[in-house]
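Chain A is the first sequence line, chain B the second, and so forth, proteins listed ahead of strands; every chain is numbered from 1. Just so we're clear, the structure is a prediction, and the values are computed from it rather than from any experiment.
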Amino acid sequence: MLGQEIKKLVIYTIFLAIIILPMLGFTGGAEFQAERAFLVFGIGVALLVLNLIVKVIRSHRPPPDHDKPSLPERIGDRLHRIPKIFTLGPLLLAAGTFPLVANNYMIDVGITCLIYVCLGLGLNIVVGLCGLLDLGYIAFYAVGAYSYSLLNLTYGFSFWAALPIGVVLGMICGCIIGYPTLKMRGDYLAIVTLGFGEIIRLVLNNWDDLTAGPNGLFGMKRPPLYYPTIEDGGLDMVTYYLTSLPGLFYFILVIAILIIIGVNRLDKSRIGRAWIAIREDEVAAELSGVPTTWLKLLAYAMGAGFASVAGAFFAAKLSYVNPNFFLFMESCIVLSIVVLGGIGSIPGIIIAGFILIAVPEVFRELEAFRMLAFGAIMTTMMIIRPEGLIPASRKKREFHRQRDEAERGPQ
Amino acid sequence: MNQDYGDNILTLEDVHTYYENIHALKGITCTVPKGSIVCLIGANGAGKTTTLLTISGVERARRGRILFEGQNIETLPPEKIAALGIAQSPEGRQIFSRMSVMENLEMGAYLRKDKEGIQQDMEWVFSLFPVLKDRYRQKGGTLSGGEQQMLAIGRALMQQPKLLLLDEPSLGLAPKIIERIFETIQEINKNGMTIFLVEQNAHMALTTSDIGYVMETGRIVLEDDASALLENKEVQKAYLGE
Amino acid sequence: MDFSAFILQQMVNALFLGSIYALIALGYTMVYGIIELINFAHGELFTAGAFIGVIVLSGLQQIGWVETHFVLTLFIVFGLAMAYVAVLGVALEHVAYRPLRNASRLSALLSALGMSIFLSNGMMLSQGVSDRAYPQVFGLESIDFFGAMISHSQVFIILLAFVLMVGLQFFVHRTRLGKAMRATAQNRTIARMLGINIDQTIRITFMIGPALGAAAGVMVGLYYGAVRFDMGFIFMIKAFAAAILGGIGSIPGAVLGGLIIGGIEVAWAAFLPSAWKDVTTFTVLILVLYLKPSGLLGESEADLRV
């Protein structure tokens, strides 16, 4: 057993050397930059050795009891069991007081996190509940952002007037993308959504007359609030534009909370259960009378709607949009949030949103490694914990069933 | 058993197989003597195919032992089991439909290196099933049901196995072709190959075999000489429609 | 240039671009054929090939081999790039795909996507964000072909692509391993029962498919004169469109699809605003998936399930 593992280690090390040394060694001229190449190679070998040690230690311990849930699952279960008031109360309090204690930079990061949480929750409907892999999700965010920008700049629509229009446009786009993919298999669906996402970005980029192309649009008004005053003897409405960061933070916080409540309701409703039925076994769902066509379209539309809201806020907050905010990578980031958090798990997505967005912001020097880490995390999660950090209680069983089967298969 | 076949080439001892949580085989014990034809009969869903797949290593036995020529094989992967000399003609004529008849047969001989022997066996298979020779360039998917069944058996024969597992060779075929196939099975057996046969067509199977096992819901409920089973009242009632 | 020469020129351009798409599409089709997974990282493997190509070529240029041993230089450049990516492909399969062979499709897809992001950013970090220039080894001379000007590099690339495709066809249909590969793709269980080591055949698929992609990467570098860490993305979508159009899983289909996609793109760029040419390709991809998901030469779904 040990001999075999060591043999494997040697082979892996050779592979690692072949892969890493040329790619990291020859970066500019023909000179071999040994230091960097061997540093990364060394890290790789260290990880391999660590893996070997863990394996050897594990092999000396009795095999884990399958009925006993693992530690993260127990934590997840605990979290699910604590009365809501004890978890949500302090959380809300913390969120509410955050702008009072934090500096502007931190608030800005907080706003970004909340935007991504909204996006993650929206994508969760499509990927997590309905099981449809959508790789062009960021397009709906773009639709929301550009709808508000154009309506505001050209017709002077206020945020509140433009928002429903943007959401409806987003939902329509969702249906347009959703409709041809209804009967498609999962992997084709991924490619089609990716293609749609790119089409929307390219249209925004190329349609100079409408969208100003790569230059983008700027000068949109911030989201306004209205409050009544009694001045000069009469009742009057005063418009207050949310320009300060704390104001914007509270604004997106409220939006996020509303989305969380909405998604939570959906999750527990008949519709939510029907979505999960589609995810688990579409044919069976259809045979038992679930209108799969409509529900899949609805999932796309709902997901797109939430993204539009986030997009409109994003455009209003920044007062600037351009097509490069909506690259494929953004879709990947949102997807990473859903995957890391636990497909279908609302608290998981909220936590993952904060981890994935805030951590790289705080450790600025690591920023460059952010996407590298996202990619690695996504693959690693799929291999060792496909159910995510905090699994949705329903999802857990399903994933593990498949793993058991895999383990039984010959190695 | 009143006939002595010498060594058992295959022995199953208390084999249990599960599909997820479904207990498909609930302790199968049986033996296949060298040089015999043994059949396993039973209704749909009794676990006959699962038994063969477990022998081949496609399904894992969760408990029990499988001995092939005295060697434990229950933990080996299918490709290793094939290399030891067990070939299976699978249920439902699973041939490679996008490969020609010739290529299908060549795949049967994948592990063999003896070019002449392969050529000879190819001729032998063609003599057993002349129709395959006429169509050797045709894609497997374009053959008729009976021809596909012949191809599946032929492919297994190309493995030059010591033990041939046949899963429902008569399924969905016309009576004339069934007869032809069972004649061929006996011919193959006369050449010295041990055959383990799974069938729903109990009459055909028992007439051809030396020993019979009757299976019901994952268990073997009866075992005897095939001729004795043919006379057995219960078997007649349940499986022979008499 | 008169109109017929213009058309001929465009046809040559289409053949050139189509060959490159076809080579990449072959990688998708082979991998999909054998493990039914879209290898999202294929575009990155293609880019990796282009990077190794530029590294080797720059090195050989420095020691003067480009002038003295031109053919040998090309041979080494393509050989090393393809070998490197073959190793990378095998590693990728081992790390990210093999553990998920029996898992749900969503998990496998996400794992592939993760690897794509990882490799793309890994290359960005190691090779930089900006273009890396390819040494121009072919010079600027062209051949006058009935009025159309074909550069030497185009001739070379079209010929090499053709040789590689013929070689692949030979491997898959005439060799023992190639046949085992096809058998594994058609029915994995039966293949195992016949003694085929499917781990080995899958590994070989992950060597050949990516190696062809790497060759395409070097070709793109040689022709366009530069390589960038994210160039795999756009080629990936187009090659994927080609693979789908031809019928995923079908090797001749991938070649046909590549040529058609190349043709559409060149024709669009020749007569219509070229900024929109990518939109056209994506639209074609979506239309094909919607109207005829089995592609032009693909087997129907029922056949695939045999």
Side-chain angles (χ1 to χ4, degrees), chain A residues 12 15-16 18-19 22-30 36 40 127 131 133 135 180-181 184-188 190-192 194-196 198-199 202-203 205-206 328-329 332 335-336 339 343 368-372 374-383 386 398-399 402-403 405-406 409-410, chain C residues 32 36-38 40 48 51-52 55 58-59 61-62 84 87-88 90-91 94-96 99-128 192 233 237 240-241 244 273 275-276 278-279 282-283 285-287 289-290 293:
Chain A
Y12 289 170
F15 265 75
L16 211 58
I18 296 176
I19 292 169
M23 194 55 97
L24 278 102
F26 297 100
T27 52
R36 191 170 69 153
V40 176
V127 179
L133 183 50
L135 294 182
T181 61
M184 251 173 228
R185 302 196 323 223
D187 32 15
Y188 285 8
I191 287 287
V192 167
L194 194 161
F196 266 118
E198 282 301 293
I199 287 179
L202 286 167
V203 167
N205 201 53
N206 292 341
F328 173 61
M329 270 305 141
C332 291
L335 193 60
S336 311
V339 170
I343 292 173
F369 297 95
R370 184 166 81 151
M371 291 311 293
L372 191 76
F374 279 16
I377 288 172
M378 207 187 268
T379 299
T380 316
M381 290 296 286
M382 283 303 115
I383 292 168
E398 179 206 344
F399 273 115
Q402 282 157 343
R403 300 211 76 213
E405 206 175 324
Chain C
Y32 192 90
E36 296 212 338
L37 170 77
I38 296 173
F40 269 107
F51 272 123
I52 295 301
I55 289 167
S58 310
Q61 195 187 33
Q62 215 160 47
Y84 176 88
V87 171
L88 193 54
V90 169
H94 194 86
V95 172
L100 292 165
R101 219 181 264 165
N102 295 310
S104 75
R105 224 168 237 253
L106 186 64
S107 303
L109 271 178
L110 287 170
S111 177
L113 184 64
M115 276 297 109
S116 163
I117 299 171
F118 179 82
L119 289 176
S120 157
N121 285 277
M123 285 188 287
M124 181 190 82
L125 290 169
S126 56
Q127 296 288 329
R192 299 189 75 184
F233 180 66
I237 302 186
F240 189 80
I244 294 282
W276 294 89
D278 289 350
V279 178
F282 296 150
T283 314
L285 169 66
I286 291 164
L287 284 178
L289 279 177
Y290 182 50

Any chance you could measure [X], atom [atom1], to [Y], atom [atom2], to the nearest 0.5 Å?
X        : Y        : atom1 : atom2 : result
C:Met123 : A:Leu24  : CE    : CG    : 11.5 Å
A:Ile191 : C:Phe240 : CD1   : CZ    : 4.0 Å
C:Leu110 : A:Ile383 : CG    : CD1   : 11.5 Å
C:Phe282 : A:Leu194 : CZ    : CG    : 7.5 Å
A:Met23  : C:Ile55  : CE    : CD1   : 6.0 Å

Is there a side-chain contact between C:Val90 and A:Phe15 (heavy atoms, below 4.5 Å)?
->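 Side-chain contact under 4.5 Å: yes.
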Side chain proximity check, A:Leu133 to C:Leu113, heavy atoms < 4.5 angstrom |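 Not touching, per the 4.5 Å side-chain cut-off.
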Among [options], single out the residue with the greatest number of heavy-atom pairs under 4.5 Å to chain A.
options                              : answer
C:Val95, C:Ile52, C:Val279, C:Thr283 : C:Val279
C:Leu88, C:Ile237, C:Leu125          : C:Leu125
C:Leu37, C:Leu119, C:Val87           : C:Val87

Which portion of [X] sits near chain C, non-hydrogen atoms under 4.5 angstrom:
X        : value
A:Ile377 : neither
A:Arg36  : side chain
A:Val203 : both
A:Leu16  : neither

Which heavy-atom pair separates [X] from [Y] by the least distance, and what is that distance?
X        : Y        : value
C:Phe118 : A:Ala376 : CD1-CB, 3.7 Å
C:Phe40  : A:Ala190 : CZ-CB, 4.2 Å
A:Leu372 : C:Gly122 : CD1-N, 3.3 Å
C:Ala275 : A:Asn206 : O-ND2, 2.9 Å
A:Thr379 : C:Ser111 : OG1-O, 2.9 Å
A:Tyr12  : C:His94  : OH-NE2, 2.6 Å

Relative to the ring of C:Phe233, is the ring of A:Phe328 parallel (under 30°), tilted (30 to 60°) or perpendicular (over 60°)?
->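 Parallel: the ring planes of A:Phe328 and C:Phe233 meet at under 30°.
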Measuring heavy-atom distances to chain A, does C:Phe51 have an atom under 4.5 Å in its side chain, in its backbone, in both, or in neither?
->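 Only the side chain of C:Phe51 comes within 4.5 Å of chain A.
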Pick one of side chain, backbone, both or neither for C:Ala241, based on which atoms fall under 4.5 Å of a heavy atom in chain A.
->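 No part of it gets close to chain A.
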Please step through side chain to side chain contact (heavy atoms under 4.5 Å, CB included) for the pair C:Ile117 and A:Met378, ending with a clear verdict.
-> CA-CA 9 Å; C:Ile117 299 171; A:Met378 207 187 268; 4.2 Å; yes
With chain C, which of A:Leu202, A:Asn205, A:Ile18, A:Ile19 has the greatest number of heavy-atom pairs at distances under 4.5 Å?
->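 Top option by heavy-atom pairs under 4.5 Å: A:Ile19.
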Among C:Ile244, C:Leu289, C:Leu285, which one satisfies side-chain contact (heavy atoms from CB on, under 4.5 Å) with A:Val192?
->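 Checked C:Ile244, C:Leu289, C:Leu285 against A:Val192; only one passes side-chain contact (heavy atoms from CB on, under 4.5 Å): C:Leu289.
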